[in-house]
Amino acid sequence: MTEDTLQLAEEVPLALVYNGIDYAVMMVTPHDMTDFVVGFSMTEGIVSSLSEIKQVSISPVSDGLKADIRIGADALRKVLARSRRPIAGRTGCGICGSDMDSIIKCTPHTVQGYTPELQAIRTALANLRDHQTLNVGIGMLHAAAWCSTDGHIASIREDVGRHNALDKLIGHGLQTHLDFSDGFCVLTSRCSYEMAAKAVASGMRALVSLSAPTALALRTAQQAGLALISPARPESICLHPVPSHTA
C-alpha cells in the first residue's frame with residue numbers, strides 16, 4: 001500500500017474596504033490579489049477606469065487578508081449610494097449581496113461581438129492545461145485565459161472561484177493595457193450569468209467556456225452583443241450566433 005499526499009488549494013477571506021468603508025468579504029485563492037481588486041472594482045461597477053483607483057494596499061489580518069482601496073470621489077459616491085451591509089461573497093457566487101433590482105434591471109454595456117476561428121479556439125484549448133501552473137497537482141482551480149485571435153494564450157489567472165479568476169484576468173488586463181476587443185477569453189468553468197456580465201463590462205467581444213452556459217448567461221450575451229462559444233471541447237465546439245444588433 002502506498003501513501004499519497006493530497007495537495008489542496010488555499011482559500012482565504014479577503015475584506016475589500018473602499019476609503020475606509022467595508023464593502024465586501026470575498027473568498028479567494030491568495031494569488032494576484034491586486035489584479036483581483038482592480039478587476040472586481042471594475043466588474044462590480046464601482047469604477048469605470050483604472051484611473052479612479054488611486055491606491056491598493058493588501059495586508060494580512062486575522063485568518064485572512066484586507067485590501068485597503070483608495071478611490072476617487074465619483075467612485076466613492078457609488079459605494080455610498082448602495083448603502084448596504086458588506087457583501088459576503090462565497091467562492092461559488094459572483095453576485096452575492098446583490099439585490100433583485102440590481103440584477104433584473106441591470107443594463108449591460110454592449111460590444112461588437114465576433115466569432116473566433118475554430119482553429120484558434122482548438123489551439124487555445126489544447127494549450128490551456130500547460131498554462132495552469134497553480135493547478136498542477138491540485139486539479140480544482142478554475143482559470144480564465146486571454147487569447148490572441150490565433151489562439152495563443154497571452155495571460156492567465158487562476159482561483160478556486162471561477163468569477164474570481166475572471167476578475168483577476170480583467171484586473172491584470174487593465175493594468176497592462178490588454179486590448180480586450182482584440183482576442184477572446186477562455187474559461188475552464190461553466191458560463192453563468194455573472195461570467196457573461198463581467199466579460200461584457202470589461203469590453204470582451206468573445207467568451208469561450210468549457211461547460212455549457214445557463215439560459216440567462218446566453219440571453220445576457222445576446223442582448224449585449226457578446227459572442228458565446230459554450231460548451232467548448234477540442235472534439236466539440238458549440239457556437240452561439242452573434243446578434244445582429246451589436247453596437
Any idea which heavy atoms bring Pro116 and Ile229 closest together, and the distance?
-> CD-CD1, 3.7 Å
Run the salt bridge (Lys or Arg N to Asp or Glu O under 4.0 Å) check on Asp32 and Arg157 step by step: do they pass?
-> CA-CA 8 Å; Asp32 305 306; Arg157 289 294 183 267; 3.6 Å; yes
Decide side-chain contact (heavy atoms from CB on, under 4.5 Å) for Val38 and Phe36; before the verdict, give the C-alpha distance in whole Å, the side-chain angles of both, and the deciding distance to 0.1 Å.
-> CA-CA 5 Å; Val38 172; Phe36 172 73; over 6 Å; no
Indicate yes or no for a side-chain donor-acceptor contact from His177 to the backbone of Gly173 under 3.5 Å, with no hydrogens or angles considered.
-> no
To the nearest 0.5 Å, what is the distance between NE2 (His31) and OG1 (Thr133)?
-> 9.0 Å
Is atom CG of Asp63 surrounded by more than 12 heavy atoms (other residues, nucleotides or ligands) closer than 6.0 Å?
-> no
Residues, nucleotides or ligands: over 12 heavy atoms within 6.0 Å of Glu117 CD | no
Give the intermediate values and the outcome of side-chain hydrogen bond (donor to acceptor under 3.5 Å, both in side chains) for residues Ser155 and His172.
-> CA-CA 8 Å; Ser155 301; His172 167 71; 3.2 Å; yes
Going from CD1 on Ile58 to CD1 on Ile69, what distance comes out if it is rounded to the nearest 0.5 angstrom?
-> 7.0 Å
Atom pair CE/CG of Met204 and Asp179 - distance to nearest 0.5 Å = 11.0 Å
Side chain proximity check, Asn19 to Arg70, heavy atoms < 4.5 angstrom = yes
Nearest heavy-atom contact between His142 and Val160 is CD2-O, 3.4 Å
Side chain proximity check, Asp150 to Thr123, heavy atoms < 4.5 angstrom | no
Residue set satisfying ring-ring contact (aromatic ring centres under 6.0 Å, His included) with Phe180, at least two apart, ordered chain then number -> Trp146
Where do Met195 and Ser189 come nearest, in terms of heavy atoms and distance?
-> CE-OG, 4.0 Å
What one should report as the nearest heavy-atom pair of Gln175 and Asp35 is NE2-OD1, 2.7 Å
Which value, rounded to the nearest 0.5 Å, describes the distance between Ile71 atom CD1 and Ser51 atom OG?
-> 12.0 Å
Once you round to the nearest 0.5 Å, how far does OG1 of Thr220 lie from NZ of Lys198?
-> 13.0 Å
Leu239 vs Leu118, side-chain contact (heavy atoms from CB on, under 4.5 Å): CA-CA, chis, key distance, verdict = CA-CA 9 Å; Leu239 305 176; Leu118 288 178; 4.0 Å; yes
Beyond-backbone contact of His163 with Met26, side-chain heavy atoms, under 4.5 angstrom = yes
Glu52 side chain reached by Leu50 side chain, heavy atoms, under 4.5 Å | no
Measure across Ala24 and Phe40 and return the closest heavy-atom pair with its distance rounded to 0.1 Å.
-> CB-CZ, 4.3 Å
Taking Arg205 for the side chain and Ser181 for the main chain, is one N or O donor matched with an acceptor at less than 3.5 Å?
-> yes
In one Ile/Leu/Val/Met/Phe/Trp/Tyr side-chain cluster, 4.5 Å: Tyr18, Val61 = no
Among the clusters formed by ILVMFWY side chains lying less than 4.5 Å apart, do Leu80 and Val47 turn up in the same one?
-> yes
Have Arg162 and Ser192 got a donor and an acceptor in their side chains that come within less than 3.5 Å?
-> yes
Apply side-chain hydrogen bond (donor to acceptor under 3.5 Å, both in side chains) to the pair Tyr23 and Arg82, showing each step before the final yes or no.
-> CA-CA 10 Å; Tyr23 183 83; Arg82 295 179 183 183; 2.7 Å; yes
Do Arg122 and Pro234 come close enough that some side-chain heavy atom pair is under 4.5 Å?
-> no
Under a 4.5 Å cut-off applied to non-hydrogen side-chain atoms, are Cys185 and Leu166 in contact?
-> yes
Verify whether one side chain among Ser209 and Ser211 offers a donor that lies under 3.5 Å from an acceptor in the other.
-> no
Can you tell me how far CD1 of Ile121 sits from CD1 of Ile237, rounded to the nearest 0.5 angstrom?
-> 5.0 Å
Take Ile46 and Val79, measure what side-chain contact (heavy atoms from CB on, under 4.5 Å) needs, and give me the verdict at the end.
-> CA-CA 7 Å; Ile46 294 171; Val79 172; 3.9 Å; yes
How far apart are the closest heavy atoms of Ala165 and Asp159, and which atoms are they?
-> N-CB, 3.7 Å
Hey, which of Asn164, Leu14, Leu141 is the one that makes side-chain contact (heavy atoms from CB on, under 4.5 Å) with Thr29?
-> Leu141
Less than 4.5 Å apart, any side-chain heavy atom of Ile138 and any of Leu8?
-> no
Donor-acceptor side-chain pairing of Thr149 and Tyr114 below 3.5 angstrom | no
Determine yes or no for a side-chain-to-main-chain donor-acceptor pair under 3.5 angstrom, with Ser236 supplying the side chain and Arg233 the backbone.
-> no
Check step by step if side-chain contact (heavy atoms from CB on, under 4.5 Å) holds for Glu10 and Val12.
-> CA-CA 7 Å; Glu10 191 56 77; Val12 302; 4.0 Å; yes
Considering only heavy atoms from C-beta outward, does the side chain of Cys191 approach that of Leu228 to under 4.5 Å?
-> yes
